[in-house]
**Q** 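I'd like to ask some things about the structure below.
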Amino acid sequence: MDRNFPVTVLETVMMGRYGALGLFKRPGPKDQEIAIESLTHVGMERHKNTALGHLSGGQQQRVFIARALAQQA
């Protein structure tokens, strides 16, 4: 992962929703709610506006787990 890539924690978790959306659709309020709920499950909701590159390695792993949870597989 490139630490200089300008993406926030919430944007990273929202990437997990694109599989459920389908082609050419944009995430809505429900998708954002699911993403924030996923962050809450891993204890990272207060970092939702933090740049991903500013987090520690363990915190980044928790964000990636939240992204997987947001997929609702």
Side-chain angles (χ1 to χ4, degrees):
M1 191 204 105
D2 182 6
R3 286 181 139 334
N4 295 319
F5 190 74
V7 65
T8 66
V9 168
L10 183 59
E11 291 168 340
T12 302
V13 177
M14 287 293 287
M15 288 178 201
R17 295 298 304 149
Y18 284 104
L21 292 175
L23 292 175
F24 307 114
K25 293 188 180 168
R26 299 181 62 82
K30 180 69 176 169
D31 297 301
Q32 186 164 353
E33 180 183 321
I34 292 169
I36 292 172
E37 183 178 311
S38 299
L39 283 170
T40 301
H41 283 306
V42 297
M44 294 295 291
E45 69 279 356
R46 68 182 189 156
H47 296 286
K48 69 180 179 183
N49 295 318
T50 304
L52 187 62
H54 291 159
L55 299 177
S56 70
Q59 289 173 319
Q60 288 178 3
Q61 288 296 316
R62 290 164 66 181
V63 170
F64 296 139
I65 291 169
R67 182 176 65 181
L69 291 172
Q71 293 175 1
Q72 295 182 325

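Throughout, numbering of the chain's residues begins at 1 and tracks the sequence. Scope of the values below: all heavy atoms of this structure, side chains included, with no hydrogens, waters or symmetry mates.
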**Q** Within the structure provided, determine whether L52 and F64 are in side-chain contact (heavy-atom separation under 4.5 Å).
**A** yes
**Q** Measure the shortest side-chain to side-chain distance between V13 and M44 over non-hydrogen atoms and say whether it is less than 4.5 angstrom.
**A** no
**Q** Can you give me the closest heavy-atom contact between T8 and N49, atom names plus distance?
**A**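 Minimum heavy-atom contact is CG2-O, 4.0 Å.
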**Q** Looking at every heavy atom in both A35 and M14, which two are closest together, and how far apart are they?
**A**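 Looking at all heavy atoms of both residues, the shortest contact is CB-SD, 3.5 Å.
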**Q** With rounding to the nearest 0.5 angstrom, report the CD to CD1 distance, Q60 to I65.
**A**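 It comes to 12.0 Å.
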**Q** Find the distance between OH (Y18) and CD (Q71) and round it off to the nearest 0.5 Å.
**A** 13.0 Å
**Q** Quick one: CG on L39 to CG on L69, what's the gap to the nearest 0.5 Å?
**A** 9.5 Å
**Q** Is a donor on one side and an acceptor on the other found under 3.5 Å between the side chain of R17 and the backbone of A70?
**A**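 Present.
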**Q** Spell out, yes or no, whether V7 and V63 are grouped together once hydrophobic residues are joined by side-chain heavy atoms under 4.5 Å, including indirect joins.
**A**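 Same cluster: V7 reaches V63 through Ile, Leu, Val, Met, Phe, Trp or Tyr contacts under 4.5 Å.
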**Q** May I have all residue pairs that pass salt bridge (charged side-chain N to carboxylate O under 4.0 Å, His left out) and include part of residues 33-52, sequence neighbours excluded?
**A** K30-E33
**Q** Minimum heavy-atom separation for R62 and V42, please, with both atom names.
**A**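 Smallest heavy-atom distance, with atoms named: NH2-O, 2.7 Å.
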